[in-house]
Novice: 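The structure's right below; bear with me while I get my questions together.
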Amino acid sequence: MALVNRSIALVDCNNFYASCERVFNPALKGKPIIILSNNDGCVIARSQEVKDLGIKMGVPWFKVQSLAKYHRISTFSSNYTLYADMSNRVMKIISEFCPDQEVYSIDECFLDLTGFKHLALTDYGQRIRSTINKFVGLPVCIGIGASKTLAKLANHLAKKRSFFDGVCDLNTVKPDALDGLFSEISVGEVWGVGRRTEKRLVELGIHTVLDLKRASPRALRKQFSVVMERTVRELNGESCIPLEEIAPPKKQLICSRGFGAPVFSLSALSEAVTSYITRAAEKLRCQRSVAAQVYVFIHTNPFKKKEPQYSPGRLVPLPEPTDDTRMLINTALAGLRSIYRPGFAYKKAGVLLDDLSPSGQQQKGLFDNMGTLQHSKSLMQAIDRINNAMGSGTIKFLGEGLEKQWKAKAEKKTRCYTTRIDEIPVAYAV
DNA sequence: TCTGGGGTCCTAGGACCC
DNA sequence: TCTGGGGTCCTAGGACCC
């Protein structure tokens with residue numbers, strides 16, 4: 001069988017969260033920006049200026065706070081509503097350039113451009129870039145290669161080497177030059193090679209991407225796993241990881257958050273758990289699944305080594321698979337009551353819906369409950385419809401509480417410029 | 001004082017079966 | 001000496017990704 005060299009592209013927004021904030025505050029252009037995680041705990045996104053200062057991804061905010069002040073870094077709480085909406089706009093534009101699109105994460109998508117080879121793909125990539133910049137105002141880079149792993153690597157080059165001007169098509173690079181490039185990139189940059197694996201590879205004398213490309217897939221499979229074998233094959237231009245244009249339904253759904261301040265009482269934990277399971281149930285219905293099990297967990301603060309620690313969890317099976325928020329709340333709260341112990345300072349709680357299956361196919365309970373089932377379905381649909389139309393939380397279960405003293409910190413959040421009419425940006429004529 | 005959240009895949013090992 | 005062997009299913013834990 002003749003192997004056609006495929007052209008897979010990876011379109012990736014540059015410093016996505018930071019760039020989103022800049023769109024609505026042009027004064028931030030060229031200035032250092034940090035975006036904090038939920039609860040304003042860690043640094044999870046940085047503008048290039050901040051990366052250049054050596055502030056690492058994931059460091060606790062309090063450790064770099066004074067440095068940030070010294071360098072006058074603008075800092076924001078994460079505004080996921082804004083980022084998700086900006087992401088949708090970018091993805092929509094890209095889809096108009098290529099129908100074969102896999103939205104891989106909030107700021108990245110893969111494209112299969114194999115059928116577009118009659119075009120100069122580098123130019124086509126530049127058109128994609130300028131269109132996104134024109135309509136959404138976000139910078140992106142594009143990498144193209146014969147496999148997803150190569151597209152990822154090409155994207156890395158497009159970002160790091162100004163020579164490529166934001167678009168790098170490895171399929172147009174001559175083999176010798178390609179090996180030259182690969183010999184200058186450390187193996188840890190390869191998609192799928194994390195910190196642990198990098199260390200083990202280096203011990204085997206595999207330091208660069210070129211070393212890994214030239215390694216024996218079979219030998220590495222024995223040492224590592226089938227994942228590593230695929231990676232080596234992909235580096236050699238053999239596409240092993242298919243594009244997933246339609247996202248398969250999730251197999252589990254998690255909702256968990258740290259609290260703004262420690263929580264002691266069962267009642268406050270109950271509010272938080274009710275709130276989380278309500279979110280999880282919404283996601284569940286959104287993908288038309290039902291859950292058969294609920295896992296509930298609570299945590300004290302593991303960083304406070306001197307305080308007593310307690311981090312229990314419990315898996316509670318449901319009598320039958322459901323997507324009914326009321327049933328899920330009751331189940332989760334029963335689980336919570338069974339693990340709660342007074343006298344601890346709890347810092348986090350969460351729920352996990354497990355054993356998901358498509359709704360409408362669930363096995364019937366022991367008793368004929370079609371009437372109840374129909375009633376539940378109508379009620380949930382009504383709630384979802386109202387909340388979708390009028391804003392999340394318009395209708396909610398009282399068990400979520402009204403005060404929510406456990407709520408996470410988000411002290412530096414910008415407005416939902418693109419999704420709330422009352423928060424739309426205002427421009428003044430001078 | 002202050003340390004994110006949500007997901008997937010793979011493997012090894014135990015339980016169990018015939 | 002050697003003390004069955006092969007298969008499936010499930011789960012926990014590790015590693016990775018963004």
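Please read all numbers here as calculations on a predicted model, not as lab measurements. Computed over heavy atoms, backbone and side chain alike; hydrogens, waters and symmetry mates excluded.
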Novice: Under 4.0 Å, counting only non-hydrogen atoms across every strand here, what does A:Asp107 touch: a base, just sugar-phosphate, or nothing?
Specialist: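 It contacts sugar-phosphate atoms only.
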
Novice: Regarding A:Lys347, tell me which of base, sugar-phosphate or nothing describes its non-hydrogen contacts under 4.0 Å with the strands shown.
Specialist: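 The answer is sugar-phosphate, as A:Lys347 gets under 4.0 Å only of primed atoms, P, OP1 or OP2.
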
Novice: Is A:Thr197 touching bases, backbone alone, or none of the nucleic acid, heavy atoms closer than 4.0 Å?
Specialist: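 Sugar-phosphate, no base atom in range.
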
Novice: May I ask you to check whether A:Ser265 and A:Ser267 show a side-chain donor-acceptor distance below 3.5 Å?
Specialist: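 Per modelled atom types, A:Ser265 and A:Ser267 side chains form a pair under 3.5 Å.
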
Novice: From CD of A:Glu102 over to C1' of C:dC18, roughly how many Å is that when rounded to an integer?
Specialist: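 A:Glu102 atom CD is separated from C:dC18 atom C1' by 13 Å.
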
Novice: Using a 3.5 Å limit on both pairing distances, list the dot-bracket string of DNA chain B from the 5' end; Watson-Crick and G-U wobble pairs count, crossing pairs take [ ], interstrand pairs take |.
Specialist: ....||||||||||||||

Novice: Atom CG of A:Asn14 and atom P of C:dC18: how far apart are they, to the nearest Å?
Specialist: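 Between P of C:dC18 and CG of A:Asn14: 15 Å.
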
Novice: In the 5'-to-3' direction, what one-character label does each nucleotide of nucleotides 4-14 of chain B receive under the scheme B = base within less than 4.0 Å of a protein heavy atom, S = sugar-phosphate only, - = no such atom?
Specialist: SSSSBSSS---

Novice: Counting the atoms with a prime plus P, OP1 and OP2 as sugar-phosphate, which does A:Val190 contact under 4.0 Å by heavy atoms, base, sugar-phosphate, or nothing?
Specialist: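 Here A:Val190 touches the backbone only, sparing every base.
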
Novice: Report the distance from atom CD1 of A:Ile106 to atom C1' of C:dC18, rounded to the nearest whole Å.
Specialist: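 Roughly 10 Å, once rounded to whole Å.
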
Novice: Mind calculating the distance between CD (A:Glu198) and P (C:dC16) to the nearest angstrom?
Specialist: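 In whole Å, C:dC16 P lies 10 Å from A:Glu198 CD.
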
Novice: Assign the ring pair A:Tyr417 / A:Phe24 to parallel, tilted or perpendicular, where the plane angle (0 to 90°) is split at 30° and 60°.
Specialist: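 Answer is parallel, since the angle falls under 30°.
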
Novice: Taking atom types as modelled and ignoring hydrogens, do the side chains of A:Ser77 and A:Asp40 form a donor-acceptor contact shorter than 3.5 angstrom?
Specialist: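 Yes, a side-chain donor-acceptor pair sits under 3.5 Å.
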
Novice: Expressed in whole Å, how much space separates the P atoms belonging to B:dT3 and C:dC18?
Specialist: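 Pairwise P distance, B:dT3 against C:dC18, rounds to 25 Å.
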
Novice: Under a plain distance cut-off of 3.5 Å, with no hydrogens placed, do A:Thr414 and A:Asn79 share a side-chain donor-acceptor pair?
Specialist: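 Their side chains do contain a donor-acceptor pair, which is all the 3.5 Å distance test asks for.
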
Novice: Roughly how many Å is it from CG in A:Asn155 to C1' in C:dC17, rounded to a whole number?
Specialist: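 Rounding to the nearest Å, CG of A:Asn155 and C1' of C:dC17 are 15 Å apart.
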
Novice: Quick one: do the A:Asn88 and A:Lys92 side chains pair a donor with an acceptor below 3.5 Å?
Specialist: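 No, no side-chain donor-acceptor pair sits under 3.5 Å.
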
Novice: Within 45 degrees of the axis of the six-membered ring of A:Phe110 and under 6.0 Å from its centre: does A:Lys148 put its NZ or CZ there?
Specialist: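 Yes, a cation-pi geometry holds between A:Lys148 and A:Phe110.
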
Novice: If you compare all heavy atoms of A:Ser74 against all heavy atoms of A:Leu28, which two are closest, and at what distance to 0.1 Å?
Specialist: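 For A:Ser74 and A:Leu28, the tightest heavy-atom pair comes out as OG-CD2, 3.4 Å.
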
Novice: Quick one: is A:Ser105 getting a side-chain N or O under 4.0 Å of the C:dC17 phosphate, OP1 or OP2?
Specialist: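 Indeed not, no polar side-chain atom of A:Ser105 lies that close.
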
Novice: According to ring pair (Phe, Tyr, Trp, His ring centres under 6.0 Å), does anything in residues 317-355 of chain A pair up with another residue at least two apart or in another chain? List the pairs.
Specialist: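 Passing the test, one end in residues 317-355 of chain A: A:Tyr310-A:Phe344, A:Tyr340-A:Tyr346.
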
Novice: Starting at CD of A:Glu108 and ending at P of C:dC17, how long is that distance when rounded to a whole Å?
Specialist: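 Interatomic distance, CD of A:Glu108 to P of C:dC17: 11 Å.
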
Novice: Checking side-chain polar atoms at under 3.5 Å, does A:Thr325 have a donor or acceptor matched by the opposite partner on A:Arg285?
Specialist: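 There is such a pair (donor and acceptor under 3.5 Å, judged by atom type) between the side chains of A:Thr325 and A:Arg285.
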
Novice: On the nucleotide B:dT1, are OP1 or OP2 found under 4.0 Å from the side-chain N or O atoms that A:Lys304 carries?
Specialist: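 Checking A:Lys304 against B:dT1: no side-chain N or O falls below 4.0 Å of OP1 or OP2.
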
Novice: Within this structure, what is the NZ-to-P distance between A:Lys148 and C:dC16, rounded to whole angstrom?
Specialist: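 It works out to 19 Å between those atoms.
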
Novice: Checking side-chain polar atoms at under 3.5 Å, does A:Thr418 have a donor or acceptor matched by the opposite partner on A:Asp85?
Specialist: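 Side chains of A:Thr418 and A:Asp85: pair found under 3.5 Å.
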
Novice: Figure out the CG/C1' separation between A:Asp40 and B:dT1, and round it to whole Å.
Specialist: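 Answer to the nearest Å: 14 Å.
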
